[in-house]
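These notes concern the structure reproduced below.
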Amino acid sequence: EVQLVESGGGLVQAGGSLRLSCAASGFTFDDVAIGWFRQAPGKEPEGVSCINSNSEATYYADSVKGRFTISSDNAKNTIYLQMNSLKPEDTADYYCAALSVHGNGRCNYPRELYDYWGQGTQVTVSL
C-alpha cells in the first residue's frame, strides 16, 4: 500500500524556518515526481515545489522561489521541503503527493494528475 506521511509543520514567527518531511512507503523514489502543494483557508490549492527522481529537476512557485528548497533522501524514502524566511502568506496546510512519470524528466504536473497524497501538515506563520 502506498502511503505518504507529512510532518514538520507548526507555528513559527515570520522570518523563521521549518523543514517539512514527506515519508513514503509502498514505493521507491524511482520514476516518480514528488510534489508539495498547499492550501490556505478560502484559497485555491497551489503547487509549491516538486522534484523528479529521473532528472532531479525541480520546480518552485514564484511565491517561494529563493526561500524554499526541495530535496530527497532516497535511502530514507523521504522528501524534504526546507522553508526559510517564512511569511504570514505561507500559512496553509501543506501536502505531498506522488506521481509516476514513466521516464519523463519534468515534475510540474497539474495536481489533478498526482496519484497519491498525504494527509497534510499545518504551517502557521505569525507576525
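Computation of the quantities below employed the complete heavy-atom set of this structure, encompassing side-chain atoms and omitting hydrogens, waters and symmetry-equivalent molecules. Fair warning: this is a prediction, and the values are worked out from it, not measured in the lab.
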Working note: Glu46 + Val64, criterion side chain to side chain contact (heavy atoms under 4.5 Å, CB included); need CA distance, chi angles, decisive distance, verdict. CA-CA 11 Å; Glu46 176 187 14; Val64 306; 5.6 Å; no
Between Tyr60 and Val48, is there a shared hydrophobic cluster once you connect ILVMFWY residues whose side-chain heavy atoms come closer than 4.5 Å? yes
Distance check, rounded to the nearest 0.5 Å: Tyr114 atom OH versus Cys96 atom SG? 10.5 Å
Hey, is CZ on Phe27 packed in by over 12 heavy atoms from elsewhere, all under 6.0 Å? yes
Taking the side chain as every heavy atom from C-beta outward, state whether Phe29 and Asn77 have any pair of such atoms under 4.5 Å apart. yes
Heavy-atom closest contact (Leu127 atom, Ala14 atom, distance): CA-CB, 4.5 Å
Do Asp30 and Ser53 have a side chain donor and acceptor closer than 3.5 Å? no
Taken to the nearest 0.5 Å, the spacing of Gln82 CD from Ser21 OG works out to 9.5 Å
Does some side-chain heavy atom of Thr121 sit less than 4.5 Å from a side-chain heavy atom of Ser7? no
Backbone N or O of Ala33 within a donor-acceptor pair of the Asn52 side chain at under 3.5 Å? no
Please round to the nearest 0.5 Å and tell me the distance separating atom CD of Glu56 and atom OG of Ser71. 10.5 Å
Would you name the heavy atoms of Leu20 and Gly9 that are closest together and state the gap between them? CD2-N, 3.6 Å
Look at the side chain of Gln119 and the backbone N and O of Glu6, then say whether any donor-acceptor pair between them is shorter than 3.5 Å. yes
Do the side chains of Asp62 and Lys65 get close enough for a salt bridge, i.e. N-O under 4.0 angstrom? yes
Would you kindly confirm whether Val32 and Tyr95 end up in one hydrophobic cluster when ILVMFWY residues are joined by side chain heavy atoms under 4.5 Å apart? no
So if you build clusters from Ile, Leu, Val, Met, Phe, Trp, Tyr with side-chain heavy-atom gaps below 4.5 Å, do Leu81 and Tyr59 land together? no
What distance do His102 atom NE2 and Asp31 atom CG have between them, rounded to the nearest 0.5 Å? 7.0 Å
Would you name the heavy atoms of Ala92 and Ala40 that are closest together and state the gap between them? CB-N, 3.7 Å
hydrophobic_cluster_shared for Ile51 and Val2, side chain cutoff 4.5 Å: yes
I want to check something: taking the side chain as every heavy atom from C-beta on, are Val123 and Met83 in contact at a cut-off of under 4.5 Å? yes
Shortest non-hydrogen contact between Gly47 and Ala61, atoms and distance: O-CB, 3.4 Å
From Thr124 atom OG1 to Asp90 atom CG, the distance as rounded to the nearest 0.5 Å: 11.0 Å
Heavy-atom side-chain proximity of Asn54 to Asn104 below 4.5 angstrom: no
Check the angle between the aromatic planes of Tyr94 and Phe68 and answer parallel, tilted or perpendicular using the 30° and 60° thresholds. tilted
From CZ (Arg67) to CG (Leu86), nearest 0.5 Å: 6.5 Å
Using the rule that two of Ile, Leu, Val, Met, Phe, Trp, Tyr join whenever any of their side-chain heavy atoms come within less than 4.5 Å, decide whether Ile34 and Tyr109 are in one cluster. no
